[in-house]
Amino acid sequence: MLEGYLPHHGPRGASTETLKTYKTGMTKFIGWAQDNAVSLLRPRRNMSSGYVGWLLETQRLSASTGRTYVAAARNLYVALRWAGATKADPFHDVRVAPERTAPEEKRHGSGTPLPAPCAPRARSRLTVAARQTGSRLASQRS
């Protein structure tokens with residue numbers, strides 16, 4: 001149902017990668033719901049917080065992946081309401097905590113030196129520009 005709903009009524013410009021990730025998120029959500037005897041059409045009040053906790057703690061997903069999977073479940077309920085199958089909106093107020101890992105650490109791992117961002121000649125120009133900016137900021141503070 002979600003695959004039929006999203007391209008026509010879902011978020012504008014949903015890429016094929018987004019749809020693929022949503023499908024993975026839906027597989028996880030439906031599997032979790034079956035394992036926990038959750039009725040999709042009549043979910044319990046705390047169902048969504050239980051799912052989010054399971055995603056982040058048991059599955060050890062990053063916050064950004066957790067947010068994407070929650071968005072998939074949220075959109076499932078939008079599609080179910082659109083189809084008239086339920087009036088439930090269990091993910092309405094659910095928010096996944098922000099990412100606490102810096103993007104550089106996620107890409108390069110903790111303790112790994114970052115690669116040089118540019119060639120030595122360009123780096124020296126950046127250093128000069130940074131010094132000039134720093135001296136301008138210092139004179140503005142005085």
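The structure presented is a predicted model; accordingly, all values stated were derived computationally and were not measured. Residues: numbered from 1 along the sequence shown. Any value given below was found using the heavy atoms of this structure, including those in side chains, with hydrogens, waters and symmetry copies removed.
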Could you walk me through whether Y77 and L40 pass side chain to side chain contact (heavy atoms under 4.5 Å, CB included), step by step?
CA-CA 9 Å; Y77 278 95; L40 293 179; 3.8 Å; yes

Can a side-chain donor-acceptor contact be found between T68 and T65 if the only test is distance below 3.5 angstrom?
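No.
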
F29/F91 aromatic ring centres below 6.0 Å:
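When the ring centroids of F29 and F91 are compared, they turn out to be within the sub-6.0 Å range.
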
Sub-3.5 Å donor-acceptor pair from the side chain of [X] to the main-chain atoms of [Y], do we have one?
X: R81; Y: A88; value: yes
X: T58; Y: L55; value: no
X: R45; Y: P90; value: no

Spacing of [atom1] belonging to [X] relative to [atom2] belonging to [Y], to within rounding of 0.5 Å:
X: S49; Y: D93; atom1: OG; atom2: CG; answer: 11.5 Å
X: M47; Y: R44; atom1: CE; atom2: CZ; answer: 8.5 Å
X: S48; Y: H92; atom1: OG; atom2: NE2; answer: 11.0 Å

Of D35, I30, N36, which meets side-chain contact (heavy atoms from CB on, under 4.5 Å) against W32?
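By the side-chain contact (heavy atoms from CB on, under 4.5 Å) criterion, W32 pairs with just one of D35, I30, N36: N36.
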
List the atom of Y69, the atom of G25, and the distance in Å for their closest heavy-atom pair.
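That closest heavy-atom pairing would be CD1-CA, 3.5 Å.
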
Minimum heavy-atom separation for R74 to V94, with atom names?
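For R74 and V94, the tightest heavy-atom pair comes out as NH2-O, 2.7 Å.
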
Test T86 against R42 for side chain to side chain contact (heavy atoms under 4.5 Å, CB included), laying out the working first.
CA-CA 7 Å; T86 187; R42 288 184 308 257; 5.8 Å; no

Under the side chain to side chain contact (heavy atoms under 4.5 Å, CB included) rule, what do Y51 and K28 come out as? Steps first, then yes or no, please.
CA-CA 10 Å; Y51 176 62; K28 286 206 178 275; 4.0 Å; yes

